[in-house]
Amino acid sequence: MTPIQPDPGPPAQAGGRSADSLPGVGPALRESLAKLGLLTLQDLWFHLPLRYEDKTRISAIRDLRVGDIAQVEGRIEAIEKGFRFRPQLRIAVADASSATLLLRFFHFNNAQARQLDVGTRLRCYGEVRRGQHSLEMVHPQYQRLAEDAQSPVEESLTPIYPTTEGLGQKRLAGLIGRALAQLPQDDALELIPLALREANGLTSLRDALLYVHRPPPAADLIGLGLGTHPAQQRLAFEELLAQHLSLRQLRNRLRAQAAPALRGDGGLRKRFLAALPFAPTAAQVRVTAEVERDLGKAVPMLRLVQGDVGSGKTVVAALAALAAVEADRQAALMAPTELLAEQHFVNFHKWISPLGIEVVWLAGKLKGKLRTSALAGLRGAAQIAIGTHALMQEGVEFARLGLVIIDEQHRFGVDQRLALRDKGRAGDEIPHQLVLTATPIPRTLAMTAYADLDVSIIDELPPGRTPVATVVLNGTRRGEVVERIRAACAEGRQAYWVCTVIEESSVEKSAHGRAGPGGGIRDKALVLQAQAAQVTHAELTAALPGMRIGLVHGRMKPAEKQAAMDAFKAGETALLVATTVIEVGVDVPNASLMVVENAERLGLAQLHQLRGRVGRGSTKSSCVLLYQAPLSAMARQRLDVLRETNDGFRIAEKDLELRGPGEVLGTRQTGEMSLRVADLARDAHLLPTIQRTGEILLRDHPDLAARLVARWIGHAARFAGA
Ligand code: ADP
Ligand code: MG
């Protein structure tokens with residue numbers, strides 16, 4: 001991974017000056033500032049407030065309402081130290097409106113208490129609460145005022161900055177203030193040329209910065225809080241533009257490298273398709289054509305294939321692999337769990353080995369002779385490799401790797417993808433990359449975070465699928481659900497019973513550990529509450545006498561897991577009790593019923609994935625989401641979304657709305673993509689113009705583009721799509 005090191009250009013006059021050029025910045029302070037990434041004056045200008053406090057006015061105590069955050073001024077009327085349940089300092093303050101406010105402190109020291117006497121003048125700032133006898137503030141900020149002096153109120157809203165231990169708000173605000181005093185006039189500050197600013201209705205950057213650092217007393221605090229104020233939108237535009245540009249730079253860098261042009265005669269692909277028991281859907285044909293077009297070029301492909309669960313991404317992957325083989329190159333398919341990798345291996349073996357192609361299996365568990373011969377195959381004549389993370393580990397070498405396929409990419413880190421890719425590096429040539437995902441990335445995110453990827457969408461399911469009917473039930477109705485399973489299985493149907501408990505092998509653990517969605521299940525406390533799959537298996541076996549019930553979880557040996565899956569696939573077991581190991585990719589078309597216990601613990605994307613295990617055949621399928629009451633409002637909304645729709649894109653958009661983009665993507669995908677002002681969900685409307693502006697800027701002012709990236713993203717290593 002090459003961290004992007006944008007050329008910061010000529011130091012933007014004052015902006016490029018080091019922060020310790022400010023008076024009073026010594027080594028200790030410099031270290032604190034560095035922790036915040038604040039090295040230059042420009043960094044300080046762009047260190048933006050998290051929120052504001054309004055200390056521009058004094059409210060009359062009489063006018064206070066519960067919930068107000070207010071500043072008041074008055075004299076201490078009474079003071080009392082109590083120790084009834086715990087130490088408490090109670091101070092009654094009255095002002096000219098002759099109303100009284102109670103201040104309460106639970107943490108205080110004697111020195112502090114000694115400074116306060118009846119008659120002392122105080123100015124306090126805090127949230128107004130309803131007390132037993134009067135309104136009160138708990139732990140307000142306060143300052144003593146001199147007896148008769150007039151002390152002025154703040155002239156602007158007080159910004160609260162993100163800071164670090166040992167660096168107080170006041171000190172940081174003071175420094176930023178001094179840095180802002182050196183803010184140059186517009187021409188020296190702006191990196192977006194005037195014509196582009198005017199076209200997009202952008203105000204001056206200088207005005208926007210001064211406004212957000214020091215909003216006037218009359219400022220719209222609500223708008224500022226929501227980030228929709230024009231000054232913030234001006235900054236958000238620039239930040240998103242910088243993000244977008246940096247990703248485009250990465251993509252251009254990738255395109256500057258070479259790749260083997262994979263142009264086979266199509267013979268293998270033709271034979272493969274002829275032997276396939278079904279015809280590919282129009283969407284599979286279209287996406288395959290897009291992939292093949294990329295593969296035929298001597299420029300590395302980096303293409304994301306998005307397709308909802310069950311849309312048939314594996315066929316597209318197989319065709320791409322065959323294109324590589326036809327051109328006498330190797331293809332490697334890496335999947336995040338052993339179960340999934342094994343399933344791919346079984347499919348490829350069935351589909352592709354008859355064509356006389358050598359498919360090699362590699363997983364961490366593979367030891368001894370088998371491993372040695374697999375490795376020899378990859379260094380030699382083997383044409384296709386299928387496996388887990390083991391593929392990208394040290395000691396694995398490929399003779400002529402031309403294509404890397406990553407399945408369910410949200411489970412992998414970028415570095416893992418690149419590690420596998422670099423096994424095919426030869427001179428300045430790198431392999432093509434095909435990335436498959438069933439977690440649709442909402443369009444808004446795709447345009448920024450994934451600006452470096454080309455995206456193909458399989459927007460059609462194979463014919464004959466019936467949408468899964470989903471019901472959400474209180475766990476107290478488990479008995480009825482067991483009854484329903486008995487009836488369904490008696491009719492020859494098959495069912496999954498999913499327990500939300502994590503018991504994974506170390507390989508899967510590392511994969512799951514990287515997962516963005518469904519992260520909640522990693523919470524220890526929740527895991528403890530979850531019913532272990534073994535217990536459920538025993539319970540169901542007791543409740544359903546005579547029924548053959550399988551069990552699969554991550555602690556089982558791969559062979560045991562595979563045996564359990566095979567038995568289920570062959571119909572020998574009617575019911576399969578499983579953990580979320582079956583979430584990814586497992587394919588048993590005859591299974592038409594799924595029960596998920598404690599569904600409220602899983603994220604939307606994960607539940608959608610799980611549910612995708614049913615509805616694969618032509619039988620009407622259903623999914624029962626059992627929850628444990630009480631259900632939080634958020635969990636209720638999540639489960640309702642699943643009840644209402646089967647559409648992965650709708651679900652992803654909803655997920656984005658409910659959780660925010662950081663979590664949807666998982667920070668691993670975004671690298672250092674923590675946005676300072678912009679919010680992808682809120683500011684999505686800016687993206688189309690940002691894309692256009694980015695194009696123009698790169699074409700006409702590449703120097704300004706580089707400086708924009710340096711200003712907002714700095715030199716941090718970040719999402720390296722290249
Ligand atoms: P996913 O996109 O979730 O990885 P898979 O590739 O596992 O989906 O395909 C799901 C199921 O659909 C598999 O059983 C596969 O054989 C089948 N399938 C794929 N394409 C078609 C098609 N065009 N027609 C019928 N069945 C298909
Ligand atoms: Mg799949």
Side-chain angles (χ1 to χ4, degrees), residues 269 272-289 291 303-322 333-352 386-388 405-412 434-441 455-468 494 496 511 515 517 565-566 568-571 580-592 594 605-619 621 646-649 651-652:
R269 282 169 279 179
F272 165 77
L273 285 171
L276 208 60
F278 47 77
T281 62
Q284 285 169 317
V285 170
R286 174 174 44 76
V287 170
T288 299
V291 171
R303 184 169 285 278
L304 181 71
V305 170
Q306 285 182 27
D308 209 347
V309 210
S311 62
K313 294 183 289 296
T314 317
V315 169
V316 174
L319 284 164
L322 289 176
L333 167 57
M334 182 161 78
T337 68
E338 231 172 86
L339 206 56
L340 183 53
E342 269 166 22
Q343 186 178 290
H344 280 318
F345 181 65
V346 168
N347 278 332
F348 272 61
H349 199 67
K350 186 175 68 195
W351 290 343
I352 286 178
I386 296 184
T388 59
I405 306 170
I406 308 287
D407 196 15
E408 304 297 346
Q409 64 102 35
H410 64 290
R411 300 252 164 175
F412 287 106
L434 181 65
V435 174
L436 312 176
T437 184
T439 310
I441 293 146
V455 179
S456 293
I457 299 176
I458 308 184
D459 53 3
E460 176 186 359
L461 293 179
R465 300 275 169 82
T466 44
V468 183
Q494 287 179 280
Y496 294 102
M565 288 310 301
D566 289 347
F568 188 59
K569 209 160 187 166
T580 51
V581 291
I582 61 148
E583 169 195 345
V584 205
V586 166
D587 185 36
V588 181
N590 190 49
S592 60
M594 169 172 284
Q606 200 177 12
L607 282 167
H608 178 62
Q609 284 274 330
L610 272 173
R611 181 173 60 178
R613 301 307 115 216
V614 292
R616 304 197 142 221
S618 45
T619 342
S621 293
N646 275 285
D647 177 343
F649 275 89
I651 290 171

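Whatever order the structure lists them in is the order used to number ligands and atoms, beginning at 1.
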- Closest heavy-atom pair and its distance - S456, V287: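 The answer is CB-CG1, 3.7 Å.
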
- Which atom names give the shortest non-hydrogen contact between S621 and G615, and what distance separates them?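 It is OG-N, 3.0 Å.
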
- Item | With T281 via side-chain hydrogen bond (donor to acceptor under 3.5 Å, both in side chains) - residues at least two apart |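 In terms of side-chain hydrogen bond (donor to acceptor under 3.5 Å, both in side chains), with neighbours along the sequence ignored, T281 is linked to Q284.
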
- Partner set under side-chain hydrogen bond (donor to acceptor under 3.5 Å, both in side chains) for D459, not counting sequence neighbours: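 If we apply the side-chain hydrogen bond (donor to acceptor under 3.5 Å, both in side chains) test to D459, skipping adjacent residues, the hits are R286.
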
- Parallel, tilted or perpendicular for F348 and H344, by the 30°/60° rule?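 If you compare the ring of F348 with that of H344, the planes turn out perpendicular.
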
- Query: Only one of H608, E460, K313 clears side-chain contact (heavy atoms from CB on, under 4.5 Å) with D308; which?
  - Reply: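 Going through the options one by one, the only one that passes is H608.
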
Can you check whether [X] has an N/O within less than 3.5 Å of an N/O in ligand 1?
X	value
W351	no
P462	no
P463	no
G307	no

- Answer side chain, backbone, both or neither: which part of P280 comes under 4.0 Å from ligand 1, heavy atoms only.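 Backbone only; the side chain of P280 stays clear of ligand 1.
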
- Task: Using a strict cut-off of 4.0 Å, indicate which atoms of ligand 1 neighbour a heavy atom of T314.
- Result: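 Answer, ordered by atom number: 4 (O), 5 (P), 6 (O), 7 (O).
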
- T281 heavy atoms, cut-off 4.0 Å: which ligand 1 atoms fall inside?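 Answer for ligand 1: 23 (N).
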
- Determine, using heavy atoms of A279 and all atoms of ligand 1, whether some pair is separated by less than 4.0 Å.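 Contact check A279 vs ligand 1: positive.
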
